Amino acid sequence: MHVPHLHDWPATEAAAVALQHALAGRVNTSRPLGRVELIAGCDIAYHLTEPRLFACVVVLRAKDLSVVEEVAVTREVTFPYIPGLLSFREIPALLAAFAELRQAPDAVMLDGQGIAHPRRFGLACHLGLWLDRPCVGCAKSWLVGDCAEPGPSAGDAAPLTIGGEEVGAVVRAAAGAKPVYVSPGHNVDVASATGLVRATLSGYRHPAPTRAAHMAANRARGATGGQCGSPSEGHKS
DNA sequence: GCGACAG
DNA sequence: ATCTTGTCGC
């Protein structure tokens with residue numbers, strides 16, 4: 001799919017924060033999600049010893065959650081991990097992966113926060129702006145906000161708020177599993193973001209799109225990234 | 001007194 | 001994110 005240029009990449013933490021403030025105002029989380037036939041899940045796996053990462057995008061048919069396309073790319077890590085600035089580390093590679101996609105998905109889901117972010121500009125917001133497409137954040141852990149423990153059953157959810165404002169939901173994707181933190185990234189409202197996650201539950205801790213992407217990313221790494229041979233039988237020098 | 005920091 | 005073995009439960 002075609003990915004238009006949005007901005008150049010900042011090299012410093014201060015510049016990145018400034019860019020977040022500048023772009024946050026362009027995020028739209030007031031619109032319900034329209035028809036979703038194709039949904040993309042994306043994730044990244046890191047090389048075990050080198051500063052390199054593997055970005056993967058998996059497109060699923062919303063109807064039956066079957067995989068229709070998958071693409072993986074590898075890139076050099078160019079930005080450090082700083083809580084609140086994750087997108088600057090992972091988006092460049094994700095964009096490269098999306099650029100190789102044959103079909104443009106109707107919605108995107110990823111591991112990370114949307115507006116449930118200190119500056120209301122999490123990974124899902126940033127990627128959503130770049131792709132100019134509905135994007136939902138589905139993180140494995142808390143970053144900001146207040147919430148209650150969701151019910152014990154799959155699909156149970158509790159609102160996630162910041163200063164009284166509802167920014168997302170904590171969703172139990174599977175009974176007996178730790179909940180997931182959902183928040184809209186761009187071109188989706190809180191209800192639709194939560195609805196999309198609940199509509200793609202597959203019996204595991206993570207919804208199908210993000211789960212498939214996570215596995216695909218690890219597979220991509222395995223082909224060239226992971227260590228080879230056992231630690232004890234490595235070449236001696 | 002204060003204290004969750006995405007991946 | 002990544003390292004890590006066995007183990008408890010369906």
Side-chain angles (χ1 to χ4, degrees), chain A residues 13 16-17 20 24 27 41-57 72 74-95 97 108-128 135-149 152-154 158 160-163 167-171 173-186 193 197 203-207 209-211 213-222 224-232 234:
Chain A
E13 179 173 348
V17 171
Q20 291 186 315
V27 170
C42 48
D43 192 27
I44 282 179
Y46 290 82
H47 186 104
L48 276 43
T49 59
E50 297 162 30
R52 167 172 295 280
L53 52 75
F54 300 82
C56 195
V57 178
T74 180
R75 287 286 187 285
E76 205 89 359
V77 174
T78 61
F79 201 87
Y81 169 67
I82 299 172
L85 297 179
L86 178 64
S87 66
F88 295 91
R89 181 179 171 81
E90 307 195 330
I91 287 189
L94 287 176
L95 292 177
V108 178
M109 191 182 289
L110 53 75
D111 284 307
Q113 312 289 343
I115 58 174
H117 177 280
R119 290 170 290 283
R120 298 289 198 288
F121 199 69
L123 179 55
C125 302
H126 204 161
L127 183 64
C135 195
V136 173
C138 185
K140 295 185 295 298
S141 60
W142 176 96
L143 177 60
V144 291
D146 305 297
C147 60
E149 179 77 12
S153 304
L160 176 60
T161 65
I162 294 182
V167 297
V170 185
V171 182
K178 287 184 300 184
V180 104
Y181 297 74
V182 181
S183 61
H186 183 51
V197 169
Y204 298 90
R205 197 202 161 192
H206 302 287
T210 199
R211 175 183 158 75
H214 189 272
M215 297 182 81
N218 283 319
R219 249 184 293 123
R221 174 182 57 188
T224 44
Q227 303 304 249
C228 291
S230 62
S232 58

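Please read all numbers here as calculations on a predicted model, not as lab measurements.
Taking A/Ala177 as the reference, A/Ala174, A/Arg205 meet the side-chain contact (heavy atoms from CB on, under 4.5 Å) condition, with sequence neighbours excluded. Looking at residues two or more places apart in sequence or on another chain, you find a side-chain contact (heavy atoms from CB on, under 4.5 Å) between A/Arg219 and A/Glu70, A/Ala216. For the side-chain contact (heavy atoms from CB on, under 4.5 Å) test, no residue two or more places apart in sequence or in another chain qualifies with A/Ala154. Taking A/Glu13 as the reference, nothing meets the salt bridge (Lys or Arg N to Asp or Glu O under 4.0 Å) condition, with sequence neighbours excluded. Residues satisfying the side-chain contact (heavy atoms from CB on, under 4.5 Å) criterion with A/Cys125, sequence neighbours excluded, are A/Val27, A/Ile115, A/Phe121. Listed by chain and residue number, nothing satisfies the salt bridge (Lys or Arg N to Asp or Glu O under 4.0 Å) test with A/Glu50 (two or more places apart in sequence, or in another chain).
Rounded to an integer number of Å, the gap from CD1 of A/Ile82 to C1' of C/dA1 is 15 Å. The distance from atom CG of A/Leu53 to atom P of B/dG7 is 15 Å, rounded to the nearest whole Å. Put simply, CZ on A/Arg52 is 19 Å from P on C/dA1, counting in whole angstrom units. Atom pair A/Leu86:CG and C/dT2:P shows a separation of 13 Å (rounding to whole Å applied). B/dA4 atom C1' lies 12 Å from atom CG of A/Leu160, rounded to whole Å. Look at CZ on A/Phe54: it is 13 Å from C1' on C/dT2, rounded to the nearest Å. Distance, A/Ile44 CD1 to C/dT2 P: 11 Å, rounded to whole Å. Computed from coordinates, the A/Gln113 CD to B/dG7 C1' distance equals 10 Å when rounded to whole Å.
Listed nucleotides: B/dG7, B/dC5, C/dC3. Nearest to the side chain of A/Pro83: B/dC5. Residue A/Trp142 has its side chain nearest to B/dA4 when only C/dT2, B/dA4, B/dG7 are considered. The nucleotide whose nearest atom lies closest to any side-chain atom of A/Ala45 is, among C/dT2, B/dG7, B/dC5, C/dT2.
Within the 4.0 angstrom heavy-atom criterion, base atoms lie near A/Leu85.
Relative ring orientation between A/Phe88 and A/Phe79 is described as tilted, the plane-to-plane angle lying within the 30° to 60° band.
In secondary-structure terms, DNA chain B builds no stem of at least 3 consecutive Watson-Crick or G-U pairs having both distances under 3.5 Å. Helical stems involving DNA chain C, defined as 3 or more consecutive Watson-Crick or G-U pairs under 3.5 Å, do not occur.
Here the CG atom belonging to A/Leu86 is positioned 5.0 Å from the CG atom belonging to A/Leu123, to the nearest 0.5 angstrom.
Phosphate proximity of B/dC5 to A/Ser141: absent, as no side-chain N or O sits under 4.0 Å from OP1 or OP2.
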Please output the side-chain donor-acceptor pairs of residues 136-146 of chain A that fall under 3.5 Å, not counting sequence neighbours, one pair per line with the distance.
{"from": "A/Trp142", "atom 1": "NE1", "to": "A/Gly145", "atom 2": "O", "distance (Å)": "2.8"}

